[in-house]
Amino acid sequence: MLLGIHHAAIICSNYEVSKLFYTQTLGLKILAEHYRADRASWKLDLLLPDGGQLELFSFPEPPKRPSYPEACGLRHLAFKVANVEQYQGYLEKNAVETEAIRMDEYTGKRFLFFFDPDGLPIELYET
């Protein structure tokens, strides 16, 4: 029986840029950081406020996303926020471009998208 999502894994093209984005801009806490010399790869474990985790990996010359944004596989990450508009203001003050706030036609909740340094779509969904 599934109990929930433990983590999502992200492969980045520039480890230092992505590490700063996820830790400084988004404010995620570092749980562990390891360099795997045999793979020339960093692995960074990040903690979300609800206990979920993100894993950030670097690999030499990872391939680009196959298409934008509708490739098969993971479409985007979505984070819960109390107020989409406030978080949008915070992101824009930190030089992160966001799309316009939209309304979910089925739930009536507000949401918006922005992108990580590698173009991975990230959604903020108002609870």
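Just so it is clear, the values below take in all heavy atoms, side chains as well, and ignore hydrogens, waters and symmetry mates. Predicted model, so just to flag it, every value in this text is computed and none were measured.
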Quick one: does any side-chain atom of [X] pair with a main-chain N or O of [Y] as donor and acceptor, under 3.5 Å?
X	Y	answer
Asn94	Val96	no
Asp116	Leu120	yes
Ser58	Trp42	yes

Treat each ILVMFWY residue as a node, draw an edge where side-chain heavy atoms are under 4.5 Å apart, and state whether [X] and [Y] are in one component.
X	Y	value
Phe57	Leu46	no
Leu54	Leu91	yes
Leu56	Ile30	yes
Leu44	Leu77	yes
Leu124	Tyr90	yes

Value rounded to 0.5 Å, distance of [atom1] in [X] from [atom2] in [Y]:
X	Y	atom1	atom2	result
His6	Glu55	NE2	CD	8.0 Å
Cys12	Phe21	SG	CZ	12.0 Å
Gln53	Leu28	CD	CG	11.0 Å
Glu126	Tyr87	CD	OH	13.5 Å
Thr23	Leu47	OG1	CG	13.0 Å

Review point. Does the pair Ser13 and Asp118 meet the rule for a side-chain hydrogen bond (donor to acceptor under 3.5 Å, both in side chains), with working shown?
Key: CA-CA 7 Å; Ser13 64; Asp118 287 302; 2.3 Å; yes

Check your understanding: Do Leu20 and Thr25 have side-chain heavy atoms sitting under 4.5 Å apart?
Key ->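 Side-chain contact under 4.5 Å: no.
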
Check your understanding: Looking at Glu99 and Leu112, what are the two nearest heavy atoms and their distance?
Key ->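 Taking every non-hydrogen atom into account, O-CB, 4.0 Å.
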
Check your understanding: For Val84 and Arg110, which heavy atoms make the closest approach, and how far apart are they?
Key ->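 For Val84 versus Arg110, the nearest heavy atoms are CG2-O, 3.5 Å.
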
Check your understanding: Can you tell me if CZ on Arg39 sees more than 12 non-hydrogen neighbours from other groups inside 6.0 Å?
Key ->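 Atom CZ in Arg39 is not packed in, count stays at 12 or less.
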
Point to revise | Glu85, CD: over 12 other non-hydrogen atoms inside 6.0 angstrom | key: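 No - once you tally the heavy atoms of other residues, nucleotides and ligands closer than 6.0 Å, there are 12 at most.
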
Practice item. Starting from the C-alpha separation in whole Å, work towards a yes-or-no answer on side-chain hydrogen bond (donor to acceptor under 3.5 Å, both in side chains) for Ser41 and Tyr35. Key: CA-CA 6 Å; Ser41 169; Tyr35 183 71; over 6 Å; no

Review point. Are Glu33 and Lys19 close enough for a salt bridge, meaning some N to O gap below 4.0 Å?
Key: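 Looking at Lys19 together with Glu33, the answer is yes, because their closest N to O distance falls below 4.0 Å.
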
Practice item. Using a strict cut-off of less than 4.0 Å between a Lys/Arg side-chain nitrogen and an Asp/Glu carboxylate oxygen, indicate whether Lys43 and Asp45 qualify as a salt bridge. Key: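 Judged by the 4.0 Å cut-off on N to carboxylate O distance, Lys43 and Asp45 do form a salt bridge.
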
Practice item. Evaluate the ring planes of Phe113 and Phe111, with Trp represented by its six-membered ring, and classify them as parallel (under 30°), tilted (30 to 60°) or perpendicular (over 60°). Key: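 Because their plane-to-plane angle is over 60°, the rings of Phe113 and Phe111 count as perpendicular.
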
